[in-house]
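Let me begin by presenting the structure, written as structure tokens, before commenting on it.
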Amino acid sequence: GDTSTLSNPPPVSFVTTGQHIVTLTVESNNGCIDSTTASVEVYDTPDANFGVFNVCEDALASFLDSSTVGYGGPINSWQWSFGDTSNNTSTNQNPTFTYQDSGTYSIWMVASTSFCSDTAYDTLTVEPRPTAIFQESDSIGCSPLTVTFTNQSIFGSTYYWDFGDGNTSNLMSPAYTYTNAGQADTFFVVQLVVYSAFGCEDSITDTIIVKGNPIADFTSDAVLDCAPLVVNFEDLSTGAVSWDWDFDDGFGSTVSDPTHVFNNQTSFISNYTITLSITASNGCVDSAFQTITVYPEPLFGFSIVPDSGCS
């Protein structure tokens with residue numbers, strides 16, 4: 001609707017987008033008139049916008065373009081700056097980027113059509129990842145093996161322990177008892193997963209070795225009888241390399257199949273608890289027990305009256 005009678009009018013600001021027809025009409029001194037037209041295209045400036053969510057250190061950050069444009073579109077180029085110290089950039093519409101360090105980063109993105117451009121800004125917080133660390137009181141031992149785990153993790157908020165045998169715990173520093181019913185060594189892989197308050201995680205594993213135990217067993221030919229009672233013992237143990245017999249009367253033996261004489265010079269029946277303790281080549285031990293009953297030893301005496309005389 002604006003007009004001018006100047007031969008070279010001042011610049012005109014078009015406030016609406018679209019195609020504007022400009023008409024120039026000229027008139028000579030003798031009253032002759034001519035006119036010509038030209039079009040002026042006024043394009044929309046894009047509305048640059050994007051979405052981003054806080055991420056964990058060393059995790060992939062995703063940037064989602066949500067820019068819009070009206071007349072003069074489409075948006076056909078993007079320029080991203082991720083705000084890191086290396087000044088990494090991207091020309092993808094929806095790029096991804098991995099931040100190696102925690103902190104707050106200033107992000108900007110330029111969205112452009114073939115004619116106009118706009119810039120959007122936002123910040124991204126990269127949360128620190130926790131560091132999983134623990135120490136165990138024992139990493140190898142005989143069954144049952146009780147292990148105390150000391151949690152030394154950094155930035156941890158919650159914890160998940162997998163003891164490697166199907167059992168778990170959410171305690172910070174648990175204690176756990178491992179068992180091994182066999183004679184071969186058993187390996188348990190224990191894992192600690194540490195979560196920060198934001199949800200970042202780290203994990204670490206270690207191996208607990210539970211040695212196989214020997215199996216103590218023995219038999220004897222003991223019968224209910226009076227002292228002195230001679231008893232032969234036969235070792236039936238599995239995996240033993242040394243033997244320690246305790247006959248419960250102050251005596252013992254270190255041979256595999258000992259013989260022992262039990263005495264009972266009291267007036268009462270005596271019960272002896274026999275203990276066989278064996279040791280395997282890996283240092284693990286086991287014990288077996290048996291009770292032997294021994295009757296008192298018969299004590300005989302006599303006197304002669306008279307004790308002297310003639311034949």
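For reference, positions follow the sequence shown, starting with 1.
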Under a plain distance cut-off of 3.5 Å, with no hydrogens placed, do [Y] and [X] share a side-chain donor-acceptor pair?
X    : Y    : result
D221 : N232 : yes
N264 : S270 : yes
Y176 : D165 : yes
T123 : T104 : no
Q290 : S220 : yes
Q191 : Y160 : no

With a 4.5 Å limit on heavy-atom distance, are the side chains of [X] and [Y] in contact?
X    : Y    : result
I269 : T293 : yes
T17  : Y43  : no
Y178 : I208 : yes
L192 : V190 : no
E201 : V194 : no
Y121 : I107 : no
S112 : P46  : no
Q79  : W108 : yes

Show the numbers, then the answer: is there a side chain to side chain contact (heavy atoms under 4.5 Å, CB included) between I278 and L276?
-> CA-CA 6 Å; I278 62 171; L276 169 61; 3.9 Å; yes

Apart from V223 itself, members of its ILVMFWY cluster (side-chain separation under 4.5 Å) are none

Name of the residue among I274, N271, D248 meeting side-chain contact (heavy atoms from CB on, under 4.5 Å) with T291 = N271

Between [X] (side chain only) and [Y] (backbone N and O only), is there a donor and an acceptor less than 3.5 Å apart?
X    : Y    : value
S4   : L6   : yes
W243 : S253 : no
N167 : D162 : no
S153 : G156 : no
D217 : L236 : no
S196 : C200 : yes
D286 : A216 : yes
D185 : G212 : yes

Do you know which two heavy atoms are closest between V294 and L229, and how far apart they sit?
-> CG2-CD2, 3.9 Å

If you take all heavy atoms of S67 and N49, which pair is closest and at what distance?
-> OG-N, 3.0 Å

Given the rule that I, L, V, M, F, W and Y join up when any side-chain heavy atoms are under 4.5 Å apart, are F188 and I209 in one cluster?
-> no

Kindly check if the number of other-residue, nucleotide or ligand heavy atoms within 6.0 Å of [atom1] ([X]) is above 12?
X    : atom1 : result
F155 : CZ    : no
F251 : CZ    : no
N30  : CG    : yes

Compute the ring centroids of Y99 and Y105, then answer whether they are less than 6.0 Å apart.
-> yes

May I ask you to check whether F50 and W80 place their ring centers less than 6.0 Å from one another?
-> yes

Intermediate values then yes/no, side chain to side chain donor-acceptor pair (under 3.5 Å), S81 and T89 | CA-CA 5 Å; S81 174; T89 61; over 6 Å; no

List in chain and number order the residues that pass ring pair (Phe, Tyr, Trp, His ring centres under 6.0 Å) with W78, two or more places apart in sequence or in another chain; answer none if no residue qualifies.
-> none

Just distance, no hydrogens or angles: give the donor-acceptor pairs under 3.5 Å from side chains in residues 125-144, sequence neighbours left out.
| unit_1 | atom_1 | unit_2 | atom_2 | d |
| --- | --- | --- | --- | --- |
| S137 | OG | T148 | N | 2.8 |
| S143 | OG | N180 | N | 2.7 |

Please state whether the rings of F233 and F262 are parallel, tilted or perpendicular, taking 30° and 60° as the class boundaries.
-> perpendicular

